[in-house]
Amino acid sequence: VTVPERWERELRKLAAEQMPDRVRDRMHEGPRDDGVPSSRQRIIAGAVAFAVFIAAGSFAWLAFRSTGGRVAGGHTVEPEYTEAVVAFHESDPGHAGFPYAEMSVDGQIVRGQFDSFGWRNAIVDTDIPRYVDPVPLPLGSRIVIEGDADAVAGLLADSTSRDPLDDVPLIDEHGYLMAEPGEYFLMFEAKWATDTVPFYFPIEVVTVEPDLRDSDAELSIDAYPFEAVLSYGGQRISVPASSGSWTTDGEGFGIETAGVGGVPDWARILVPAGTRLELSGTWEDWRNRLEPGDGKVTSNDGGSLVFPSTPGTYDWRMTASWPEGEAEFTFGVDLVSGPTAATPSPTDQAEPTEDVPSVIRVECRRFRPPKVDTIVVAAGPEGVLVRSPDGGNLAFQHESGIGTAWLMGHQESDPDVLHRVTMPLDPGAWSVECAPESEQFLGAEFEVIDPGGFFRRYELVCPQRASLDREAVHAADFASTEAFIRAILPGVRGDDVVERAGYIGRTDHAYPFRIVREGTTVAVIEVDVDRIVGEACAGMGIAKPLR
Amino acid sequence: MPTRVNASRRRALYLMMRAGVMMVTVEEVRIEPTAGHDFDQLFREEGPGVWRTIYAFTGGRPDVAEEAVAEAFARALAHADAIRDPLRWIYRVAFRVAREELRRGHGRAAEVDPIQGPPELNGLMEALRELSPNQRAAIVLRHVVDLDIAEIARRMGIAQPTVRVHLHRGRNRLRELLGAEEVE
């Protein structure tokens, strides 16, 4: 017998609830005719009334007033990449003359879904597709509205329920898609003279991997509505004003934006330290500061700005002023070591220099690759010093695919000790991923270099190789592993160097031994207590059998 | 362009684009004039269930529930000849009207509105307010109105797997909030 749980019994109380009689009376009064839905009224009213109080989470286009809906300022941000054009049309001959909407992204055209709505005294009742693949849109893509609708309001909705999302930052008033990466429905309400029709587009907001070879970052700041757009290397972050004041027609306003507190992960931008910044917009003056600390993005002689040359994680507060008032905008800026305008590629950076940091800081983030503070790190005698301030589990993968290293579960240990771990990461290109592994590979790449010569390589480069597999007496009978190897492999000459490969200070790691003859590695072997296996270059006499 | 994100999915999208496959297929619009619906009978038999569902959906706001249910039935009466499946239609309109009402007049503040209605339901309503509106609706349609998953999906206008997700999450949350101890 299934016994109801308490929550079920509580729910059953609801079954005894009676519907008030007045509902029947209200039903017979007929449907109310309130025309435009309230949410859109609020948005439109807000925009017309000067949008000083920015309604985070929604956007509106009013009768397609100018392309892109920019009200003032004159400066237009031209996106370098994805722009989604959504067109709304009042009559579709192919669909019984009802309204329709299409979204065009990079040549792909997607029809807007709809379910039920009233249209000129008819009821349109359709079955929407149960699931369709979402259209990938990079974070910061611009949504451009076209067509013949009188007004369009839009917001993001839950990817399964289609419930509008009130508690996440959504599309800003310039139509830039700013939201935590993930799947959503783009939901539009298009208004024509007679009726309003809701449309849904399944989308996936995806992150952009920055091109760190770009020379300049760009920042545009405008009023009406207050918004700043920071872009670099394919990334684009658009933020509303977080605070400020404004006076118009003798009346003062405070600038507030709902939900603006700390800088969320998706509102951070990755920029190489020392990158130039081009500033544009309608402002008359500006000031700024980097936090933590008292740093500023400094102005050079040419009038442009330059980010500090010290890598780090900052909140950058930029205050722009106009004759009517001022507004502050806050960005998350991750300054990383890396190429700038004078240094064209990460590979070229991997030269041993004193400027290369000897520690790499890895910070795990949801939905995004982990953040690394440098793309080149110099190894020490024991390997690469890794700092993981949040104690996340890290998986390192060598570009060859054969080398993997794990840094696991250290968040429960002494943070002062284990948040700085020296990892045996061989020189070369690596990526680091935060566990648990997800369906999507979200790795951050970096390169390990060995300017101090601490690493003994163990690649075997020779025209022909021969396998080695020798059973032997117990290795512990010999004075050293080197003596054991020399005894088992009589082809090893007296002047050959026999040594453990890998990092010279890394005695706890199972690196193989190598045999070096005249500067060239001629054999790489693994030593067990009673066995030696490996490979040697053919013709060197090392692989020949023991007599 | 983004890289390393859902590469297989983007690849599939690309191949489908190349092949000219329509990514979104909206089924043909259907307007099937229907005659003979007895809305008074429908209101008597189904109205209480609709009302309880919407009452729970609003998290214990009877004023919003009353308006949404009445408006849905009123619109159905006004468009009686054009509605194919009146009950399903009424549910979906009621959900939408309730959602609009909440956005219009209450918004986030609604979550801190005092619960209206019988005191014995206060605990339940407080718990339901911790669920999303769709979780509330799915839970009530399943456990109060006793509908199966397919019918819940039809009335909410969402897919069956989505209903299951809402039910699963909603039950777990209610267990956390109200307890799962059994009675004799």
Side-chain angles (χ1 to χ4, degrees), chain A residues 3-15 17-20 22-24 26-27 29-32 37-39 81 95-96 98 107-108 110-111 113 115-116 118 122-133 136 138 160-164 166 204 206-209 440-443, chain B residues 1-6 9-10 12-13 17 23-27 29-31 43 47-48 51-52 55-56 66 69-71 73-75 77-79 82-84 89 92 100 103-104 108 120-121 123-124 132-134 139-140 143-144 157-159 162 165-166 174-175 178-183:
Chain A
V3 180
E5 298 178 8
R6 183 180 167 221
W7 64 270
E8 291 178 286
R9 287 183 280 117
E10 288 286 326
L11 269 175
R12 288 180 186 176
K13 292 179 184 173
L14 196 56
E17 273 303 288
Q18 297 301 310
M19 179 171 60
R22 55 183 173 272
V23 176
R24 176 188 294 272
R26 164 69 182 81
M27 172 184 75
E29 290 171 7
R32 64 170 192 265
S38 57
S39 59
Y81 51 102
H95 279 73
F98 290 109
Q108 177 188 2
V110 178
R111 276 263 177 167
Q113 304 172 13
D115 43 19
S116 299
I123 302 299
V124 179
D125 187 13
T126 68
D127 286 331
I128 59 175
R130 290 306 178 218
Y131 182 79
V132 294
D133 282 327
T160 54
S161 67
R162 297 171 186 248
D163 285 346
D166 293 328
E204 180 181 7
V206 297
T207 53
V208 175
E209 188 160 305
Q440 301 171 347
F441 177 80
L442 298 171
Chain B
M1 286 300 293
T3 59
R4 294 183 180 279
V5 179
N6 256 1
R9 173 170 291 167
R10 285 207 309 280
L13 279 170
M17 285 163 50
M23 298 306 300
V24 176
T25 56
V26 178
E27 290 186 12
V29 174
R30 288 191 297 269
I31 300 181
F43 184 83
W51 188 83
R52 287 172 194 134
Y55 179 49
E66 288 172 28
V69 174
E71 177 68 13
F73 273 97
R75 290 187 192 181
L77 267 176
H79 303 293
I83 298 175
R84 176 168 44 95
W89 194 90
R92 289 165 67 168
E100 288 171 1
R103 286 166 55 192
R104 181 210 305 263
R108 293 192 184 93
E120 63 270 22
L121 291 179
L124 173 64
S132 75
N134 274 349
I139 287 283
V140 172
H143 295 281
V144 179
I158 59 180
T162 308
V165 170
H166 287 317
L174 284 180
R175 277 194 190 96
L178 293 175
E181 91 283 15
E182 298 180 344
V183 297

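We name chains A, B, ... by the order of the sequence lines, and we start the count at 1 in each one.
Options A/Glu10, A/Gln18, A/Met19 differ in how many heavy-atom pairs under 4.5 Å they form with chain B, and the most are formed by A/Met19. Across B/Ile139, B/Leu124, B/Leu174, B/Val69, the residue that shares the most heavy-atom pairs under 4.5 angstrom with chain A is B/Leu124.
Of all heavy-atom pairs spanning B/Arg52 and A/Glu17, the tightest one is NE-O, 2.8 Å. Contact record, A/Met27 with B/Phe73: SD-CB, 3.2 Å, taken as the closest heavy-atom pair.
When side chains are defined from C-beta on, A/Val23 counts as touching B/Phe43, because their heavy atoms get closer than 4.5 Å. Counting heavy atoms from C-beta on, the side chains of B/Glu71 and A/Arg26 come closer than 4.5 Å.
Neither the backbone nor the side chain of A/Glu29 comes within contact range of chain B, judged by heavy atoms closer than 4.5 Å. For A/Arg22, the part lying near chain B is the side chain, with the backbone staying farther off; criterion is any non-hydrogen pair under 4.5 Å.
Proximity of a side-chain donor or acceptor of B/Arg75 to a complementary backbone N or O of A/Pro31 within less than 3.5 Å is not detected.
Distance CD/A/Glu8 to NE2/B/His143: 6.0 Å, rounded to 0.5 Å.
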Does B/Tyr55 form a side chain to side chain contact (heavy atoms under 4.5 Å, CB included) with A/Leu14? I'd like the steps, not just the answer. CA-CA 9 Å; B/Tyr55 179 49; A/Leu14 196 56; 3.7 Å; yes
